[in-house]
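Below: one structure, written as structure tokens.
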Amino acid sequence: MATKTKERTAAAPAQSKKPVAAAVDGRGNGAEPLNAEILKRLYSYMLKCRTLEERARILFKQGKFAGNYYAAVGQEATEVGCTIDLEKEDCVAPSHRDFIAHIMKGTPLKYMFAQLYARKTSPDQGRSSPAHCGYAPLNIITPASTIAAQLNIGTGVALAYKLQKKPNIVVALSGDGSTSLGFWHEALNFAGVMKLPIVYVVQNNRWAESVSVTMQTAVEDLSVKAQAYGFPGLTVDGNDVVAVYRVAQEAIRRARSGQGPTLIECKTYRWYGHSEIDPAKYRPPEEVEYWKSRDPIPAMERYLTERDLWSDAWKQELIAGFNKEIDEAIEFAENSPYPEPEECLDHVYDFSIRDRELNRKSWTFHNTVASPANS
């Protein structure tokens, strides 16, 4: 299952147009096979992500929460492979589509659903719903709707880690559309100059909302863009969780050991529209069906079955456990209160300004200056 990657450094030759080649025995670039415990965890987390997101999509369609939802269904291998096994103090800088990154980092599901429901019990106390969810206790930055803005913040966190001589790293997630924006280039350029402990992950799902990647860039592999900033860039099959995990672990090791940033391009696909209100009619049906046939979850099931590590009974047991946990999280969210209107200024202004705005005095104007006409 695991695939070899295409790696480029600043001095790399021109890109190859050959497809990524399959590795022997799933080892990936000659590395030792992953142990059974890691392989089963990779699969379990992908299945949990899929289960949660499909439930969230249903809840949105039922009108259980307002706004929108940006599912990453189909991209689970990229999400899991890049964010699993991070340290608690490591930072994740997610985009609006990376809601499920919270699962790997360990955010309690009840707080994730409270965030979707815009309840006071959510990490942001009902302010950034839905799906723009951060969680400070685990160093997950709250994403903004401004595409690629999280990369600048994540890069700043990486600079802070370096200045403080901390052994922590940042994983910054974005889509292919972000690579067309100045934010993205500014972040990578600064990180390259400063040799920061950060891993940039581009989830190339071929569509920036309704704009094809072929209309955004003339290069075949987005990883070549790392050459301009002086650090390695790699392209990997984003639907192969074993390959993604291997590449991410090496990039994290480099960052943690002071060797600087890495750019990882994961070629993957989102099954649904940009959001739940996008029918995605701009995509050819045959393209969607092709990528659905490369679903990372059944692919991993086949991989595990070859190693006697998977059974349908185990899968059903996992799903039952996930659904129970999700049901409890939904109940927590639905029973949580909404924030009060007067709380809208909390965490926006300092308390002296907040108190002034909430306790405005009534002023009566008295004209004590003599009018020139009466003088």
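- Under the 6.0 Å distance and 45° angle rule, R307 counts as a cation-pi partner of Y303.
- Between S129 and D124, the shortest heavy-atom contact is N-OD2, 4.1 Å.
- By the neighbour-count criterion of 12 heavy atoms within 6.0 Å, atom CZ of F332 is densely surrounded, having more than that number from other residues, nucleotides or ligands.
- Using a 3.5 Å distance cut-off with no hydrogens or angles, the side chains of T268 and N239 do pair a donor with an acceptor.
- Atom CD1 in I198 sits 4.0 Å away from atom OG1 in T155 (nearest 0.5 Å).
- Counting only N and O atoms by type, the side chains of D98 and Q203 include a donor and acceptor under 3.5 Å apart.
- Nearest heavy-atom pair across G238 and T78 is O-OG1, 2.9 Å.
- Scored by the salt bridge (Lys or Arg N to Asp or Glu O under 4.0 Å) test, E325 finds K48 as partners (sequence neighbours excluded).
- R270 contributes no side-chain N or O that, together with a main-chain N or O of A72, makes up a donor-acceptor pair within less than 3.5 Å.
- Geometrically, R57 does not engage Y69 in a cation-pi contact defined by less than 6.0 Å to the ring centre and at most 45° from the axis.
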Per-pair distances, 0.1 Å, donor-acceptor, side chain in residues 39-47, under 3.5 Å, sequence neighbours excluded:
| from | atom 1 | to | atom 2 | distance (Å) |
| --- | --- | --- | --- | --- |
| R41 | NE | E37 | OE2 | 2.7 |
| R41 | NH1 | D85 | OD1 | 3.2 |
| R41 | NH2 | D85 | OD1 | 2.8 |
| R41 | NH2 | D85 | OD2 | 3.1 |
| Y43 | OH | E301 | OE2 | 2.7 |
| Y43 | OH | W310 | NE1 | 3.1 |

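- The aromatic ring centroids of F65 and F60 lie less than 6.0 Å from each other.
- Residues S178 and A148 share a closest heavy-atom pair of CB-CB, 3.8 Å.
- Rounded to the nearest 0.5 Å, atoms CD1 (I147) and CD (E209) are 8.5 Å apart.
- With salt bridges taken as basic N to acidic carboxylate O contacts below 4.0 Å, none links K267 and D240.
- In this structure, CD in E76 is found 4.0 Å from CZ in R50, a value given to the nearest 0.5 Å.
- N35 places a side-chain N or O within donor-acceptor distance of the main-chain N or O of I38, the cut-off being under 3.5 Å.
- The two atoms that bring F183 and A149 nearest to each other are CD1-N, 4.1 Å, heavy atoms only.
- Within the 6.0 Å centre-distance limit, the rings of H274 and Y70 are counted as a close aromatic pair.
- Within a 6.0 Å sphere centred on NZ of K61, heavy atoms belonging to other residues, nucleotides or ligands number more than 12.
- In E186, the CD atom is crowded: over 12 heavy atoms of neighbouring residues, nucleotides or ligands sit closer than 6.0 Å.
- At least one test fails for R206 against the ring of Y269: distance under 6.0 Å to the centre or angle within 45° of the axis.
- Q62 and K64 form no side-chain donor-acceptor contact under 3.5 Å, judged by distance and modelled atom types alone.
- Side-chain contact, Q216 with D176: a donor N or O sits under 3.5 Å from an acceptor N or O.
- Remark: aromatic rings of W207 and Y282 are close, center separation under 6.0 Å.
- Here the closest heavy-atom approach between residue G273 and residue R97 is recorded as O-NH1, 4.1 Å.
- Surrounding NZ of K292 are more than 12 heavy atoms belonging to other residues, nucleotides or ligands, all under 6.0 Å away.
- Interatomic distance, SG of C133 versus CD1 of I140, reported as 7.5 Å (0.5 Å rounding).
- Legend: side-chain hydrogen bond (donor to acceptor under 3.5 Å, both in side chains) pairs involving residues 138-148, not counting sequence neighbours, sorted by first then second residue: H132-S145.
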Task: Step-by-step salt bridge (charged side-chain N to carboxylate O under 4.0 Å, His left out) determination, D90 to K105 - done: CA-CA 9 Å; D90 292 338; K105 203 67 165 64; over 6 Å; no

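- Under the 6.0 Å distance and 45° angle rule, R294 does not count as a cation-pi partner of W271.
- For the residue pair H185 and Y229, a side-chain donor N or O sits within less than 3.5 Å of a side-chain acceptor on the partner.
- I264 contributes atom CD1, which lies 14.0 Å from atom CG of N204 (distance to the nearest 0.5 angstrom).
- Note that NE2 of H102 is 11.5 Å distant from SG of C49, once rounded to the nearest 0.5 Å.
- With salt bridges taken as basic N to acidic carboxylate O contacts below 4.0 Å, one links E343 and K120.
- Formation of a donor-acceptor pair under 3.5 Å by the R254 side chain with backbone atoms of Q259 is found in this model.
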- [ ] Take R253 and R256 through the side-chain contact (heavy atoms from CB on, under 4.5 Å) test and state the conclusion after the steps.
- [x] CA-CA 5 Å; R253 184 199 64 77; R256 212 181 293 281; 5.9 Å; no

